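Below is one structure, written out as structure tokens; comments come after it.
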Amino acid sequence: MKIAIGADHGGVGLKEAVKEHLEKKGYEVRDFGTYTRESCDYPDISKKVSASVVDKESDFGILICGTGIGIGIAANKVKGIRAALCHDTFSAHASREHNNANILTMGERVIGQALALDIVDTFLGAEFEGGRHQTRIDKITRLEEENAELEEEN
């Protein structure tokens, strides 16, 4: 399984720990930066990881910033992305099973490393249940398409 990962300066430490954890488990990890604590803009990182997932170069994405909020908001602006902010394992498996989330977001300043690694394992180990949940995902997709049409008209 291929995982795209990225973080801004507020999440780079946790990103490195998650990357190492995934590689030890045999995942192929594509790291889209950042690589230092020097200030950078999370939408730039989010765009790269999201594109990798949408283009099917990566199966899933993981994005980390200080809170996980901003980087997730940016990811959810990309058509086809369903980024879920998870700071507990219940949300991690529910986001995959019910929402078919394809990007996990977390906040380095919010959770500890051990919990983050459990969340990553839970997210990647869960599978979408389909059924009534697929109907809801289809509605989200239609909303994306309707919004794209509105943007074209304006």
Side-chain angles (χ1 to χ4, degrees), residues 1-23 25 27 29-35 37 39-130 132-144 147-148:
M1 185 180 300
K2 296 177 186 174
I3 309 298
I5 193 167
D8 73 354
H9 56 281
V12 70
L14 184 56
K15 177 191 70 117
E16 291 302 320
V18 170
K19 179 180 172 181
E20 181 181 330
H21 175 75
L22 292 172
E23 289 174 340
K25 289 185 160 263
Y27 291 96
V29 181
R30 299 188 66 210
D31 187 344
F32 289 92
T34 196
Y35 309 102
R37 291 280 182 192
S39 183
C40 67
D41 297 329
Y42 58 78
D44 299 332
I45 303 298
S46 190
K47 182 178 179 181
K48 292 174 187 176
V49 169
S50 297
S52 182
V53 172
V54 168
D55 293 342
K56 303 210 182 306
E57 295 168 357
S58 300
D59 299 299
F60 294 101
I62 298 173
L63 289 167
I64 304 166
C65 66
T67 63
I69 297 169
I71 207 160
I73 290 171
N76 279 319
K77 296 295 182 185
V78 177
K79 184 177 180 180
I81 292 300
R82 289 174 304 283
L85 173 62
C86 300
H87 288 148
D88 59 83
T89 56
F90 178 82
S91 298
H93 77 77
S95 71
R96 286 285 306 121
E97 292 169 359
H98 295 187
N99 308 113
N100 202 16
N102 50 15
I103 292 183
L104 167 66
T105 74
M106 297 183 291
E108 179 176 328
R109 297 175 186 152
V110 179
I111 58 172
Q113 182 176 316
L115 178 55
L117 299 181
D118 285 344
I119 290 167
V120 166
D121 290 343
T122 300
F123 182 86
L124 296 176
E127 293 189 25
F128 182 52
E129 292 178 353
R132 72 182 194 274
H133 304 296
Q134 183 61 54
T135 302
R136 296 167 185 155
I137 299 305
D138 292 343
K139 288 182 178 186
I140 292 171
T141 302
R142 283 195 296 278
L143 281 173
E144 286 178 334
N147 288 338

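Owing to the predicted nature of the structure, the values given are computational and were not obtained by experimental measurement.
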### Query
Looking at CG of D118 and SG of C86, how far apart are the two atoms once the value is rounded to the nearest 0.5 Å?
13.0 Å
### Query
How many angstroms lie between atom NZ of K77 and atom CG of N147, to the nearest 0.5 angstrom?
9.0 Å
### Query
If you measure from CG on L63 to CE on M106, what distance do you get to the nearest 0.5 Å?
9.5 Å
### Message
Please find the pair of heavy atoms, one from A83 and one from N102, that lie closest to each other, and give the distance.
### Response
N-OD1, 4.4 Å
### Query
Between F60 and F123, what is the ring plane arrangement, given parallel below 30°, perpendicular above 60°, and tilted in between?
perpendicular
### pair I69-L85: side-chain heavy atoms closer than 4.5 Å
yes
### Task
Taking all heavy atoms of I71 and all of A7, pick out the closest pair and write down the distance.
CD1-CA, 4.3 Å
### Message
On a heavy-atom basis, which atom in S52 and which in S58 lie closest, and how many Å separate them?
### Response
OG-OG, 2.6 Å
### Task
Could you check if a side-chain atom of D41 sits within less than 4.5 angstrom of a side-chain atom of D8, using non-hydrogen atoms only?
no
### Task
Check whether any side-chain heavy atom of K15 sits under 4.5 Å from a side-chain heavy atom of Y35, and report yes or no.
yes
### Query
Of all heavy-atom pairs between G10 and R109, which one has the smallest distance, and what is that distance?
CA-NH2, 3.6 Å
### Query
When rounded to the nearest 0.5 angstrom, what distance separates CD in E129 from CD in Q134?
12.0 Å
### Task
Please tell me if the side chains of V54 and K79 come closer than 4.5 Å, counting only heavy atoms from C-beta onward.
no
### Query
Do you know which of V18, I62, L22 makes side chain to side chain contact (heavy atoms under 4.5 Å, CB included) with V29?
L22
### Message
Given K25, which partner from the list L124, D121, V120, L117 fulfils the side chain to side chain contact (heavy atoms under 4.5 Å, CB included) test?
### Response
D121
### Query
Between S50 (side chain) and S46 (backbone), is there a donor-acceptor pair under 3.5 Å?
yes
### Message
Can you tell me which residue among I3, I5, V49 is in a side chain to side chain contact (heavy atoms under 4.5 Å, CB included) with D31?
### Response
I5
### Task
Would you give the length of the straight line joining atom OG1 of T135 to atom NE2 of H133, rounded to the nearest 0.5 angstrom?
9.5 Å
### Message
Show the nearest heavy-atom pair for residues I103 and A75, with the distance to one decimal.
### Response
CD1-CB, 4.4 Å
### Task
State which residues pass side chain to side chain donor-acceptor pair (under 3.5 Å) with H9; sequence neighbours excluded, sorted by chain then number.
none
### Query
Just by distance, do the side chain of E108 and the backbone of G13 share a donor-acceptor pair under 3.5 Å?
yes
### Task
Kindly give the heavy-atom pair with the smallest separation between I137 and N99, and that separation in Å.
CD1-O, 3.1 Å
### Query
When rounded to the nearest 0.5 angstrom, what distance separates CD1 in I140 from CG in N76?
9.0 Å
### Query
Within a reach of under 6.0 Å around NZ of K2, are more than 12 heavy atoms found that belong to other residues, nucleotides or ligands?
no
### Task
With sequence neighbours left out, write down each residue that passes ring-ring contact (aromatic ring centres under 6.0 Å, His included) with F32, or none if nothing qualifies.
none
### Query
Taking side chain as C-beta onward, heavy atoms only, is D138 less than 4.5 Å from R142?
yes
